[in-house]
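Below you'll find the structure, written out as structure tokens, and then a few comments.
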Amino acid sequence: MDLTRHRAGRLDPTVQGLLWSVAAGLCFVLLNTMTRYLTTQIPPLQSQFLRYLCGVIVLLPLVLRSGMAAWMPQNIRGQFVRGFVHTTGLAIWFTAIPHISLADTTAIGFTTPIFIMLGAWIFLREPMRWERWLAALLGFGGVLIVVGPGLTASGGYYSLVMLSSAPMFAASFLISKALTRYESAGVIVLWQSITVTILSLPLALLNWQPVSAAQWAGYMLCGLLGSGAHYLLMRSYAVAEISATQSVKFLDLVWAALLGWLVFADVPTSHSLIGGTIIAGATLWIARREARRGT
């Protein structure tokens, strides 16, 4: 373990950030699979609250071991601003998802990395080299190839609602990047769970229904996966420029296709294979370019 950690520490910071992002993407795909299953049984906004409440619960042993003082943020206002922005994005997303197809949801959701790179360029003054733009556009093009055959115009107004959640999530991640300058990844993850839980409670109470023991177990797993995924993402943001890591976001679709095949016996279509190849190729290409630039 120490040898692996030593070798990882010798990697270029951007490559480290890409690896942290890939690991985070895997956790998010597992989380989304479980969340989708639970949301068919529990109202979406209640599911949102329970997922983050359980995120707080799974982190409690760590908090109790080291004491709450070690987990207090230097900028609690920034944590609540980030929590409010993230909660708003979640509420918009859950409002729209019952009204549009899953293909449309996937395509619209993958616009978030584009908003993140634009925001990083405008607000964080991160350089936007042509390689990063090309990798992001190729990855986005791969996503469109995968989901394009299923896109329809039937969503109408709710497609625009869903699209409006993308810049909200991008803003949340950009705030997270800013917070990593003086907050640890663990503190950011804990206070995201705390703030989203608090801010989501009023929405959850609007249509509350009883939760079974099995469902509680599922939400605890979601809390563990979600906290782990966000921790990995914060580690990525702490070591690399946020715009440099966005190309690997498109690998999430590859993980989702593989998980769907393994768990639900969903056979990938030719569009999935072609698009996935483009996504993987763009990701490997930008990783090599960033590694050479850092040497």
Side-chain angles (χ1 to χ4, degrees), residues 1 5 20-21 23-39 41-91 93-94 169 172-173 175-206 208-238:
M1 179 64 72
R5 192 173 300 170
W20 286 119
S21 293
L26 283 169
C27 288
F28 276 125
V29 169
L30 292 169
L31 170 65
N32 291 340
T33 302
M34 179 61 70
T35 301
R36 181 180 179 186
Y37 172 75
L38 290 169
T39 306
Q41 306 171 19
I42 300 293
L45 296 180
Q46 183 181 348
S47 288
Q48 173 183 321
F49 166 76
L50 291 172
R51 174 259 179 274
Y52 280 93
L53 173 64
C54 290
V56 175
I57 293 173
V58 299
L59 291 173
L60 278 180
L62 297 176
V63 176
L64 294 175
R65 185 177 66 178
S66 54
M68 189 61 195
W71 295 83
M72 288 300 296
Q74 298 184 41
N75 183 358
I76 194 167
R77 179 182 178 184
Q79 301 291 343
F80 271 91
V81 169
R82 195 258 170 136
F84 175 78
V85 172
H86 204 76
T87 302
T88 302
L90 288 169
W93 192 85
F94 277 115
F169 288 132
S172 172
F173 293 134
I175 294 170
S176 297
K177 172 61 177 178
L179 290 173
T180 60
R181 295 171 180 171
Y182 48 86
E183 307 279 18
S184 70
V187 168
I188 294 173
V189 171
L190 174 65
W191 281 89
Q192 173 183 297
S193 294
I194 292 173
T195 55
V196 174
T197 298
I198 293 171
L199 296 170
S200 296
L201 179 57
L203 301 174
L205 292 176
L206 293 175
W208 187 272
Q209 73 177 45
V211 183
S212 69
Q215 289 167 341
W216 273 112
Y219 283 115
M220 289 297 294
L221 178 58
C222 287
L224 182 62
L225 288 169
S227 296
H230 281 286
Y231 175 80
L232 294 168
L233 202 60
M234 293 308 103
R235 289 297 301 266
S236 170
Y237 292 170

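Residue numbers start at 1 and run along the sequence shown.
Across Ala70 and Val187, no two heavy atoms sit closer than the pair O-CG2, 4.1 Å. What you find for Ser236 and Ser21 is that their closest heavy atoms are OG-OG, 2.7 Å. When every heavy atom of Ala91 is checked against every heavy atom of Leu203, the shortest pair comes out as CB-CD1, 4.1 Å. For the pair Met220 and Cys54, the tightest heavy-atom approach, listed with the atom from each and the gap, is SD-SG, 3.6 Å. Of all heavy-atom pairs between Ser227 and Val58, the closest is OG-CG2, 3.8 Å.
For the 3.5 Å distance criterion, the side chains of Arg51 and Thr35 fail to qualify, holding no donor opposite an acceptor. A donor-acceptor pair shorter than 3.5 Å can be found between the side chains of Gln215 and Gln41.
In this structure a side-chain-to-backbone donor-acceptor pair under 3.5 Å is present from Thr197 to Tyr52. A distance-only check finds no donor-acceptor pair linking the side chain of Gln46 to the backbone of Leu205 [under 3.5 Å]. Side-chain atoms of Ser66 come within 3.5 Å of backbone N or O of Leu62 as a donor-acceptor pair.
One distance of note links CD1 of Ile42 with CD of Gln48; it measures 14.0 Å at 0.5 Å rounding. In this structure, OH in Tyr231 is found 12.5 Å from SG in Cys27, a value given to the nearest 0.5 Å. For the atom pair OG1 of Thr195 and CG of Leu190, the computed distance is 9.0 Å after rounding to the nearest 0.5 Å. For the atom pair CD1 (Ile198) and CZ (Phe49), the distance works out to 10.0 Å, reported to the nearest 0.5 Å. Atom CZ of Phe173 is separated from atom NE2 of His230 by 6.0 Å, given to the nearest 0.5 angstrom. The OG atom of Ser193 lies 9.5 Å from the NE2 atom of His86; values are rounded to the nearest 0.5 Å.
For the pair Ile76 and Trp191, the minimum side-chain heavy-atom distance is below 4.5 Å. Contact of the Gln79 side chain with the Gln192 side chain is not registered, since no non-hydrogen atoms from C-beta on lie closer than 4.5 Å. Annotation: side chain of Cys222 is in contact with side chain of Leu38 (closest heavy-atom distance under 4.5 Å). With a 4.5 Å cut-off on side-chain heavy atoms, Phe84 and Val81 do not count as touching.
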task = Test Tyr219 against Ser47 for side-chain hydrogen bond (donor to acceptor under 3.5 Å, both in side chains), laying out the working first.
result = CA-CA 8 Å; Tyr219 283 115; Ser47 288; 2.7 Å; yes
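Checked against Leu199 for a side chain to side chain contact (heavy atoms under 4.5 Å, CB included), the options Leu90, Thr87, Thr88 give a single hit: Thr87.
Atom OH of Tyr182 is surrounded by more than 12 heavy atoms from other residues, nucleotides or ligands within 6.0 Å.
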